[in-house]
Amino acid sequence: MDEIDIESALNEIENESDDEDEVQISLPEIIQLMEETWLNEKFSPEILPNKMEIVELLLDQITTLETNLKKLNNSDFKKGLYQMEVDRLRFLISSYLRKRLEKIEIFCTAILEQEKLRSQQGKDNYLSQNELQFAQEYDQSIKDNFESVMRFCPGIIETQIISPNIHSMVFLKSKENIDGIVIDDGNDDNDLIDLTTGAQVLIGYKSISNLVKNGDVHLI
Amino acid sequence: MDPDEVEFLGEKSMIEIVPTFNSAPIYFIGGDVGPFRASIPLRVPLWVAVHLKQQQQCKIIPPDWMDLEKLENLKEEEKSNRSFIKMPSEHYIVEAKLILGCAADDIPRTDEIRTIIKDIWDIRKSKLRSSMDQMIKKSAMYAAVDNLTLMEINSIRPLLPHALEQIYRIKSNKRAILNRTQGSVTTPSNATGSFTN
């Protein structure tokens, strides 16, 4: 009986999400996507466009599953397994969100400036609403704090904005056949390379940052 | 990345088990598993297999490649080949560690298998070190790492990318300086050029 509850609850959610999204994408695929998003965020030097829709979808799933879990008998061996899966997904999501917060804390001024530029150009923001609010508050409190400290040593007003090193080297795996990626080797003569599906390379992030954002490659 | 996180990703690979119990399927968010029928083999994610094994509820069937003869061949091939050969599994080292760790009683000749996998890992690591050395000497800014597994990539992550980043920094500074000095030399010559025209 309890199992049927979980099954029907899951089916319901699956149907719901199918209605919302035009693109049909199964839950295992979403988890796969979440893993790739997590790794991308982990290894890219700059903050990437947020994937909150995936996060929220998975969180919904987790909450439903957890409420259903409470109904399940404690002695059932399946409970442990369900709980383990929930824990695994939770880890994935929280590690992803934490990594983003970490980047926001380090590069907050740079990120806020880029976000401002993006909204002026009418592009989508990279930060989610909550992250943006966090970034602004964080930035403000850092500046306030800095100013109050600096009152004791007048004359120093120059501050340098910390921005990510977009030339850092990353490992990636290609999901498509891609031609003509420019390798910036620090000299003026730049080579071109082609990637085949499944190819793994070590390359400067700047050459492939667009491919990461549009999902043609993912970082590993 | 923490090796545990590589393990986390590796735990998703599917593996065959023989359950010792009957049960309806489990409806995971990541896909259904089961139904379980006692002594009928089925494929489950590695983390499920390990959990069930710890509860003594299944036997793990080792993956095809976890066989002394095949590993012996693999090792010879890896030795004789200068580049990296394709591993039978993207997460061979994680799978070996987890399966041999929890289900040593299901696998014949565990100790020998453990040794030979370690040998393969060592051979690959030493190849990796020498190619890293070459790469830094040539100060290349690109490398194909096709047949490397995630754990191997992760093992060089603390060193190689950062070394290359520093090289890049030096090179691009040099370029900037060169451009600047060339610029100051070429400006007058350009000026004379335009003058004659």
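Order of the sequence lines fixes the chain letters, A, B, ..., with proteins taken first and strands second; residue numbering starts at 1 for each chain.
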Asker: Does the Lys NZ or Arg CZ of B:Arg157 fall within the cation-pi geometry relative to A:Phe43 - under 6.0 Å from the ring centre and within 45° of the axis?
Answerer: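 Judged by the rule (NZ or CZ under 6.0 Å from the ring centre, within 45° of its axis), B:Arg157 counts as positioned above A:Phe43.
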
Asker: May I ask you to check whether over 12 heavy atoms, not counting those of A:Lys42, lie within 6.0 Å of atom NZ?
Answerer: yes

Asker: For A:Glu85, give me all partners under side chain to side chain donor-acceptor pair (under 3.5 Å), at least two apart in sequence or on another chain.
Answerer: none

Asker: If you define the side chain from C-beta out and look only at heavy atoms, does anything of B:Ile156 sit under 4.5 Å from A:Phe171?
Answerer: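 B:Ile156 vs A:Phe171: side chains touch.
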
Asker: Side chain, backbone, both or neither: which part of B:Phe8 has a heavy atom under 4.5 Å from chain A?
Answerer: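 Both backbone and side chain.
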
Asker: Measuring from B:Phe28:CZ to A:Leu27:CG, what's the distance to the nearest 0.5 Å?
Answerer: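 It comes to 13.5 Å.
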
Asker: Within a 6.0 Å radius of atom CD on A:Gln129, are there more than 12 heavy atoms belonging to other residues, nucleotides or ligands?
Answerer: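 At most 12 heavy atoms, drawn from other residues, nucleotides or ligands, come within 6.0 Å of this atom.
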
Asker: Write down the atom of A:Pro28, the atom of B:Gly30, and the distance for their closest heavy-atom approach.
Answerer: CG-O, 3.5 Å

Asker: B:Arg169, B:His162, B:Gln57: which one forms the most heavy-atom pairs within less than 4.5 Å of chain A?
Answerer: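 Most heavy-atom pairs under 4.5 Å with chain A: B:Gln57.
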
Asker: May I ask you to test the B:Leu9-A:Leu39 pair for a side-chain heavy-atom distance under 4.5 Å?
Answerer: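 In short, these two side chains touch, coming nearer than 4.5 Å.
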
Asker: With distance as the sole test, does B:Glu165 use its side chain to make a donor-acceptor pair with the main-chain N or O of A:His167 at under 3.5 Å?
Answerer: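 It does not hold such a pair.
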
Asker: Can you tell which part of B:Lys12 gets under 4.5 Å to a heavy atom of chain A, answering side chain, backbone, both or neither?
Answerer: both

Asker: For A:Gln121, look at atom CD and say whether over 12 heavy atoms of other residues, nucleotides or ligands are found less than 6.0 Å away.
Answerer: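 Counting neighbours around CD of A:Gln121, more than 12 heavy atoms of other residues, nucleotides or ligands fall under 6.0 Å, so yes.
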
Asker: So with a 6.0 Å cut-off around CG of B:Asp64, is the heavy-atom count from everything else above 12?
Answerer: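 Open.
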
Asker: Enter the distance from B:Ile29:CD1 to A:Leu57:CG here, rounded to the nearest 0.5 Å.
Answerer: 10.0 Å

Asker: Go through the atoms of B:Ile167 and report whether side chain, backbone, both or neither lie under 4.5 Å from a heavy atom of chain A.
Answerer: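 Neither part; nothing is under 4.5 Å.
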
Asker: Count the heavy atoms belonging to other residues, nucleotides or ligands that lie under 6.0 Å from CZ of A:Arg98, then report whether that count exceeds 12.
Answerer: no

Asker: Are the side chains of A:Trp38 and B:Glu5 in touch, meaning some heavy atoms are under 4.5 Å apart?
Answerer: yes

Asker: For B:Lys59, look at atom NZ and say whether over 12 heavy atoms of other residues, nucleotides or ligands are found less than 6.0 Å away.
Answerer: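 For B:Lys59, atom NZ is not crowded (no more than 12 foreign heavy atoms under 6.0 Å).
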
Asker: Start with the C-alpha distance between A:Asn165 and B:Tyr168, add both sets of side-chain angles, then the distance that settles side-chain contact (heavy atoms from CB on, under 4.5 Å), and finish with yes or no.
Answerer: CA-CA 11 Å; A:Asn165 173 19; B:Tyr168 181 88; over 6 Å; no

Asker: Count the heavy-atom pairs under 4.5 Å between each of B:Leu148, B:Asn147, B:Leu52, B:Ile26 and chain A, then report the option with the highest count.
Answerer: B:Ile26

Asker: Looking at A:Ile203, A:Ile193, A:Leu195, which one has more heavy-atom pairs under 4.5 Å with chain B than the rest?
Answerer: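 Looking at each of A:Ile203, A:Ile193, A:Leu195 in turn, A:Ile193 comes out on top.
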
Asker: Taking A:Tyr82 for the side chain and B:Tyr27 for the main chain, is one N or O donor matched with an acceptor at less than 3.5 Å?
Answerer: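 Yes; judged by distance alone, with no hydrogens or angles, the pair exists.
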
Asker: Are more than 12 heavy atoms from other residues, nucleotides or ligands located less than 6.0 Å from atom CD1 of A:Ile162?
Answerer: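 At most 12 heavy atoms, drawn from other residues, nucleotides or ligands, come within 6.0 Å of this atom.
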
Asker: For B:Asp2, does the CG atom sit with more than 12 other heavy atoms under 6.0 Å from it, leaving out its own atoms?
Answerer: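 Yes, enclosed.
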
Asker: Assess the residue pair A:Leu202 and B:Leu164 against the criterion (side-chain contact (heavy atoms from CB on, under 4.5 Å)); give the C-alpha distance rounded to whole Å, side-chain angles, the decisive distance to 0.1 Å, and a yes or no.
Answerer: CA-CA 10 Å; A:Leu202 169 66; B:Leu164 294 178; 3.8 Å; yes

